[in-house]
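Working notes, beginning with the structure itself.
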Amino acid sequence: MQNPTLIDFLARRFPASTRTTLRQMLKSGRVRVNGSRALDAKRTIEPRDNVQVIDRPREVAPDTSRQQHSLAIVYEDADVLVVNKPAGLLTSTVPREPRPTLLAQVRDYLKASDPKARLGLIHRLDRDATGLLIFSKNDAAYTSLKHQFYHHSVTREYLAVVHGAPNPPAGRIENRLTEHPDGTVHATRNIKAQRAVTDYQTIARRGKRSVLKVTLHTGRKHQIRAHLSGRGVPIVGDTVYGPESAEAHILLAAVRLTIEHPQTGKQMTFEIQPPAYFDRDLRPGE
């Protein structure tokens, strides 16, 4: 079978996107092949090639030290490592990218503490979000966790502080999301786009803001941000999907994660408190 061109490869990977959108991805420098920027849509893609599509470029601080954030370990055993990612830190990025990432920090940590571990990236959080992420430490754990995430058998709960109040105060948002050339994600009627399901529940009102508990049933890029913005209640601090804000961080935190342990089969739940900058909205009373 003849190897596909790059544009054909992208069309298979993003069936909801038009060829014009895919060419714009290339033109804007968001497509990398084996770590290098790819511009030629007719380039042949070999089976060994690593093709990645990255988020649109954003301004970052010049400090590229991996020690900019300390590694906050929530739980660790021979199979899994659960950490609390701070806001502002990328989960991962393309090879030879100088910006610090959580994946690089975890790799450095395991290289020193458990050299035989085979690190596996299971899922991601947006750079500006914070909260729980789980990594595998061997091939069997990676296969098990990936299977659980693929079949949506894990439980992922978030806290989000939003502008306004959702109507109704609790419910389910279900639609299909497609990525635009600028890296943002929006609802579409294209049946080939990715199905996305989010449950939300209002747990507090604080003046012109609401605090929501959000449960993900699928894990699409920017899913919570796009869904809540589409419902008319963008997340505070999210200037991509909402209004300008004086907040230094997006008020979105992954606070609870339940998995089936890949070795024992036991259900395990990890839970953290959101960062201190949530306090004004989470404290009791008005």
Smallest separation among heavy atoms of [X] and [Y], with atom names:
X	Y	value
Asp79	Asp77	N-OD1, 2.8 Å
Leu252	Ala160	CD1-CB, 3.9 Å
Ala129	Lys85	O-NZ, 2.8 Å
Asp199	Arg172	OD1-NE, 2.8 Å
Arg23	Ala41	NH1-CB, 3.5 Å
Glu247	Gly237	CB-CA, 4.0 Å

Worksheet item: Measuring from Arg220:CZ to Asn175:CG, what's the distance to the nearest 0.5 Å?
Response: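 Reported value, rounded in 0.5 Å steps: 11.0 Å.
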Worksheet item: Could you give the distance from CG (Leu257) to CD1 (Ile272), rounded to the nearest 0.5 Å?
Response: 10.0 Å
Does [Y] offer a backbone N or O that forms a donor-acceptor pair with the side chain of [X] under 3.5 Å?
X	Y	value
Ser229	Gly242	no
Gln223	Val197	yes
Thr202	Pro169	yes
Arg176	Ala193	yes
His249	Ala87	no

Practice prompt. In sequence, state the C-alpha distance, the side-chain angles, and the governing distance for Ser245 and Val236, and then conclude on side-chain contact (heavy atoms from CB on, under 4.5 Å).
Written response: CA-CA 7 Å; Ser245 174; Val236 174; 4.3 Å; yes
Worksheet entry | For Lys137, side-chain hydrogen bond (donor to acceptor under 3.5 Å, both in side chains) partners two or more places apart | Glu76, Asp114
Does [atom1] in [X] sit with more than 12 non-hydrogen atoms of other residues, nucleotides or ligands closer than 6.0 Å?
X	atom1	value
Arg118	CZ	no
His152	NE2	yes
Phe9	CZ	yes

Worksheet item: After noting the C-alpha distance and the side-chain angles of Ile224 and Tyr200, does the key distance pass the side-chain contact (heavy atoms from CB on, under 4.5 Å) rule?
Response: CA-CA 10 Å; Ile224 295 175; Tyr200 69 90; over 6 Å; no
Practice prompt. Please test Arg225 against Asp126 for side-chain contact (heavy atoms from CB on, under 4.5 Å), starting from the C-alpha separation and ending with a verdict.
Written response: CA-CA 10 Å; Arg225 297 164 65 183; Asp126 290 351; 2.9 Å; yes
Worksheet entry | Plane angle bin for Tyr241 and His222 - parallel if under 30°, tilted between 30 and 60°, otherwise perpendicular | perpendicular
Discussion item. With heavy-atom distances below 4.5 Å as the criterion, would you say the side chains of Val106 and Leu119 are in contact?
Written reply: yes
Worksheet item: Should Leu145 and Tyr150 be marked as a side-chain contact (heavy atoms from CB on, under 4.5 Å) after you check the CA-CA gap, both sets of side-chain angles, and the distance that decides it?
Response: CA-CA 8 Å; Leu145 291 170; Tyr150 179 80; over 6 Å; no
